Structures are given as structure tokens and as C-alpha cells.
Amino acid sequence: NAGVTQTPKFQVLKTGQSMTLQCAQDMNHEYMSWYRQDPGMGLRLIHYSVGAGITDQGEVPNGYNVSRSTTEDFPLRLLSAAPSQTSVYFCASSSQIGRRTDTQYFGPGTRLTVL
Amino acid sequence: DQQVKQNSPSLSVQEGRISILNCDYTNSMFDYFLWYKKYPAEGPTFLISISSIKDKNEDGRFTVFLNKSAKHLSLHIVPSQPGDSAVYFCAARKGNFNKFYFGSGTKLNVKP
């Protein structure tokens with residue numbers, strides 16, 4: 001199993017550009033999520049999904065869109081990048097027990113810089 | 001306003017001694033707590049967890065203690081090893097079972 005994979009590893013954007021961060025998992029996990037990590041702030045939840053076709057907002061959803069058309073993939077879209085979105089982005093997945101999500105498995109991260 | 005706080009950005013410990021990492025939270029609705037370990041240029045990896053119905057959980061060299069009245073949890077690593085040097089995040093889950101809140105992390109350095 002590859003686990004959780006993220007592409008690209010690094011990206012530099014100009015303000016106003018759009019892009020999609022890719023995330024895929026091969027563990028058949030129902031739950032997938034996106035976090036951003038900023039210095040002194042820890043990881044903050046952006047969006048999450050509990051299954052194909054189902055998404056919900058996390059702590060810091062503004063400026064980001066997600067969709068979940070398959071169990072495996074959970075892309076994160078930045079429609080108009082801003083310098084405040086400079087961060088390291090982590091995707092994670094987890095199986096669910098009933099309605100509960102327990103341990104999450106994280107991808108290696110995407111380091112995004114917006115100039 | 002951060003609901004999960006790790007007030008020590010860094011900790012340095014001698015190899016073989018105990019490492020104690022602390023975490024405080026503000027929301028009494030949190031029902032499940034986890035610790036993750038993160039090496040540079042990698043994603044966090046799960047270390048140990050504890051449910052709010054327990055006050056202690058042990059896994060090898062790692063023990064997590066939960067004090068609900070103080071809204072405090074701690075991770076003990078005994079004995080500490082140089083390979084334990086990493087950033088440690090505590091996290092908590094509440095409410096709809098799918099939202100997790102992370103602390104800002106503590107960088108542990110275990111000196112040989």
C-alpha cells in the first residue's frame with residue numbers, strides 16, 4: 001500500500017492564480033481531510049469528507065474548495081491564491097467506526113508559497 | 001482561539017531519561033485525544049491515543065495521562081531515545097466525531 005499520497009511536494013504561485021492540490025489514498029478509508037500547518041498554529045482543519053459525495057467545513061475553510069467524487073481522491077482547490085495561504089498542506093485519511101473517526105494517516109505534505 | 005494548547009515549543013532531554021510533553025485544552029466536550037509525532041519533511045504519524053473515559057493509556061515506552069478536571073493531558077516517554085527527537089502534536093476530537101483540533105506542537109530533542 002502506498003498509503004496517503006500528495007502531489008505536488010512543492011508549489012510556488014502568484015497572487016490570484018488557481019491550483020489544485022491532489023490527495024489520494026489506497027486504504028479504502030471513508031474519512032479524508034485537509035489541514036494546513038503554520039508556525040505557532042499547529043495543524044488546522046480546512047475541509048473534511050466522510051464519504052464520496054459528502055464534504056463539510058473545518059476550522060479554516062475560506063478560500064478553499066473540495067469535492068469527493070471517489071473514495072480514493074480528495075483534491076483541494078485554491079480558486080484565487082493569496083499570500084495568507086502560504087503554508088504546508090497535509091491530507092489525511094481514516095477508517096470510520098460507526099460515525100466516529102479515530103486515527104488519521106497523513107500524507108507527506110505540500111509546501112505552498114504564494115507570492 | 002486555540003482550543004488545544006501546547007505551551008512549550010521545545011524540550012531537551014538526555015538519552016535514557018524521561019520526556020514529559022504537556023497539552024491543555026479548553027473544551028470539555030472533547031471525547032478523544034491523540035498524540036502524533038512528526039519528523040521534518042514528513043507527515044505526522046499516530047503515536048498513542050486515549051478516550052475521555054480513561055485516565056491512562058500505555059504502549060511500550062509511551063504513556064498518555066488524562067486529567068479531565070484540569071483539562072490537561074501529558075505524554076511520557078521512558079526511556080527517551082535519540083530517535084524520539086521530533087515534533088509532537090496533541091490533538092482532540094469533539095462533537096460530531098469528525099473534527100480534530102491540534103496543538104501547535106512541541107519539538108523534542110533527545111541528546112545522546
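As the structure is a computational prediction, the values presented were derived from the model and not from experiment. Each chain gets a letter, A, B and so on, in the order its sequence line appears, and its residues count up from 1.
Only the side chain of B:Lys38 comes within less than 4.5 Å of a heavy atom of chain A; its backbone N, CA, C and O stay farther away. Only the side chain of B:Gln2 comes within contact range of chain A, with at least one heavy atom under 4.5 Å from a heavy atom of that chain. Only the backbone of B:Ala41 comes within contact range of chain A, judged by heavy atoms closer than 4.5 Å. Neither the backbone nor the side chain of A:Glu30 comes within contact range of chain B; no heavy atoms are under 4.5 Å apart. For A:Gln6, no part sits under 4.5 Å from any heavy atom of chain B, backbone or side chain.
Atoms OG and CZ, on B:Ser104 and A:Arg44 in that order, are 11.5 Å from each other to the nearest 0.5 Å.
Closest heavy-atom contact between B:Leu34 and A:Thr103: CD2-CA, 4.2 Å. Between B:Phe100 and A:Gln104, the shortest heavy-atom distance links the atoms CD1-NE2, 3.2 Å.
Follow the hydrophobic side-chain contacts under 4.5 Å out from A:Met32 and you never reach A:Val50; the two are in separate clusters. Note: the hydrophobic cluster containing B:Leu11 also contains B:Val64 (ILVMFWY, side chain heavy atoms under 4.5 Å, direct or indirect links). A:Tyr64 and A:Met19 fall within the same hydrophobic cluster, defined by Ile, Leu, Val, Met, Phe, Trp and Tyr side-chain heavy atoms under 4.5 Å apart, directly or through other members. With hydrophobic clusters built from ILVMFWY side chains whose heavy atoms lie under 4.5 angstrom apart, A:Leu13 shares a cluster with A:Ile46. Linking ILVMFWY side-chain heavy atoms closer than 4.5 Å, directly or via other members, places A:Val66 and A:Leu21 in a single hydrophobic cluster.
Within a 6.0 Å sphere centred on NZ of B:Lys54, heavy atoms belonging to other residues, nucleotides or ligands number 12 at most. Applying the 6.0 Å contact sphere to CZ of B:Arg17 captures no more than 12 heavy atoms from other residues, nucleotides or ligands.
When ring centroids are compared, A:Phe106 and B:Phe46 stay outside the 6.0 Å threshold.
Looking at A:Phe90, A:Tyr35, A:Tyr105 one by one, the single match for side-chain contact (heavy atoms from CB on, under 4.5 Å) with B:Pro44 turns out to be A:Phe90.
Not one N or O on the side chain of B:Tyr101 forms a donor-acceptor pair closer than 3.5 Å with the backbone of A:Leu45.
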